[in-house]
Engineer: 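This is the structure I have questions about; it appears just below.
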Amino acid sequence: MTAALLSIRNLTVRFHGERGETVAVDGVSFDLNAGETLAIVGESGSGKSVTMLAVMGLLAKAGVTADNIFGCGRNLLNAGDVEMRAIRGRQIGMIFQDPMTSLNPVLTIGRQLTEMFEIHLGLSGAASRKGAIDLLNLVGVPSAGTRLKDYPHQFSGGMRQRVMIAMAVACKPQILIADEPTTALDVTIQAQILEILSGLQSEFGMAMIMISHDLGVVAGIADRMLVMHSGRIVEQGLVDDVFANPQMPYTRSLLAAVPRFDLETEMTP
Ligand SMILES: Nc1ncnc2c1ncn2[C@@H]1O[C@H](COP(=O)(O)OP(=O)(O)O)[C@@H](O)[C@H]1O
Ligand SMILES: [Mg+2]
């Protein structure tokens, strides 16, 4: 038995606003094992993004409580800002839901990519430039060498998503967190992005957490899934088992909205 790469116990996240307290995540516990793809599904507002932002140390500490957040061999719950910054990017890569939070509009793509190598891996000059070109090639950005001097707004949505994936995997992290990585894209581009993610995962041996409200995406890519509803995990299991035999009415209602062409039972009378 190997220990989980990421282990979260009883995570709760509260926000205080004008209308009082919101419990966005309410006692969530789960593990991520080496090499696996875990999907977190659930409707908008169910707490998927906030769960992972809390794990990454990107929320105000005061609102986050847990019995344990253990990741990459460390106690992340008590890690300081400097330690968390080193872990983010280097050991845990994240593709954020909002593309514009991860790409800086006033820096060229090349600058942003080479910065990843410089900060985390200590590379410079030609080595980091070569690393940036290799990465863009890997995620399928054409003419990578000449595009390094372009700014984010000069890339299409699909190309921008490829750049964000490149940045997230630049340091070959152990864990990649992808928050709705295909939601804003049209269907053909979605399929290409999912293929790139699967390819990178097998190439680098990363574990992946795929956040999605789209169960079609989950069916194609994930091994295991958690279903979130109102800040709680209401169901979890192997994707095949949950799809074949959902236990909770909420999960059944989510599944009812998804066309499935790969269930033979549906095709046989
Ligand atoms: N910064 C914030 N301040 C207050 N409430 C927030 C904040 N971020 C998220 N929330 C609330 O937390 C809940 C969960 O949000 P989120 O995790 O983003 O949902 P999703 O499952 O769609 O990713 C929602 O009710 C959302 O409105
Ligand atoms: Mg979200």
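Predicted model only: the values in this text are computed from it and were never measured. Count residues from 1 along the sequence. Note that ligands are numbered from 1 as they come in the structure, with each ligand's atoms numbered from 1 the same way.
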Engineer: Is it the case that ligand 1 has an N or O less than 3.5 angstrom from some N or O of K48?
Structural biologist: yes
Engineer: Which heavy atom of L215 sits nearest to which heavy atom of F243, and what is that distance?
Structural biologist: O-CZ, 3.5 Å
Engineer: Within the structure, does T51 bring an N/O atom to less than 3.5 angstrom of an N/O atom in ligand 1?
Structural biologist: no
Engineer: Can you find a protein heavy atom under 4.0 Å from atom 26 (C) of ligand 1?
Structural biologist: no
Engineer: Looking at S44, which atoms of ligand 1 are within less than 4.0 Å of one of its heavy atoms?
Structural biologist: 22 (O)
Engineer: Using 0.5 Å steps for rounding, measure from the CE atom of M56 to the CD1 atom of I69.
Structural biologist: 12.0 Å
Engineer: Which residues satisfy the side chain to side chain contact (heavy atoms under 4.5 Å, CB included) test with A86, sequence neighbours excluded?
Structural biologist: none
Engineer: Could you establish whether G17 and ligand 1 come within less than 4.0 Å of each other, counting only heavy atoms on the residue side?
Structural biologist: no
Engineer: Distance below 4.0 Å between atom 5 (N) of ligand 1 and any protein heavy atom?
Structural biologist: yes
Engineer: So is G45 in contact with ligand 1, going by heavy-atom distances below 4.0 Å?
Structural biologist: yes
Engineer: Output, by chain and residue number, all protein N/O/S atoms separated from the Mg ion (ligand 2) by less than 2.8 Å.
Structural biologist: S49 OG, Q97 OE1
Engineer: Starting from atom 18 (O) of ligand 1, find the nearest protein heavy-atom neighbour and note its residue, name and distance.
Structural biologist: S49 CB, 3.7 Å
Engineer: Determine whether the side chains of Q154 and R147 contain a donor N or O and an acceptor N or O closer than 3.5 Å.
Structural biologist: no
Engineer: Considering only protein heavy atoms, which is closest to atom 10 (N) of ligand 1, and at what distance to one decimal place?
Structural biologist: F15 CE1, 3.5 Å
Engineer: Please list, chain by chain and in numerical order, all residues satisfying ring pair (Phe, Tyr, Trp, His ring centres under 6.0 Å) with H213, sequence neighbours excluded.
Structural biologist: none
Engineer: Nearest 0.5 Å, what's the OG-CG distance between S202 and L197?
Structural biologist: 10.5 Å
Engineer: Throw together a table of side-chain donor-acceptor distances under 3.5 angstrom for residues 218-225, partners on residues two or more places apart or in other chains.
Structural biologist:
{"from": "D223", "atom 1": "OD2", "to": "T37", "atom 2": "N", "distance (Å)": "2.7"}
{"from": "R224", "atom 1": "NE", "to": "E36", "atom 2": "OE1", "distance (Å)": "3.0"}
{"from": "R224", "atom 1": "NH2", "to": "D31", "atom 2": "O", "distance (Å)": "2.7"}
{"from": "R224", "atom 1": "NH2", "to": "E36", "atom 2": "OE2", "distance (Å)": "2.7"}

Engineer: Does Q190 reach the main-chain N or O of T182 with its side chain, forming a donor-acceptor pair under 3.5 Å?
Structural biologist: yes
Engineer: Does one side chain, of E118 or S124, offer a donor that lies under 3.5 Å from an acceptor on the other?
Structural biologist: no
Engineer: For R85, is there an ion pair with D81 - N to carboxylate O distance below 4.0 angstrom?
Structural biologist: no
Engineer: Quick one: does ligand 1 sit under 4.0 Å from the side chain of E43, the backbone, both or neither, non-hydrogen atoms only?
Structural biologist: backbone
Engineer: Apply side chain to side chain contact (heavy atoms under 4.5 Å, CB included) to V41 and L226, showing your working.
Structural biologist: CA-CA 6 Å; V41 307; L226 312 175; over 6 Å; no
Engineer: Can you confirm, on distance only, whether ligand 1 has an N/O atom lying under 3.5 Å from any N/O atom belonging to G47?
Structural biologist: yes
Engineer: What atoms of ligand 1 come within less than 4.0 Å of a heavy atom belonging to A24?
Structural biologist: 12 (O), 13 (C)
Engineer: Salt bridge or not for R252 and E235, using N-O below 4.0 Å?
Structural biologist: no
Engineer: Starting from atom 17 (O) of ligand 1, what is the nearest protein heavy atom, named by residue and atom, and what distance separates them?
Structural biologist: V50 N, 2.8 Å
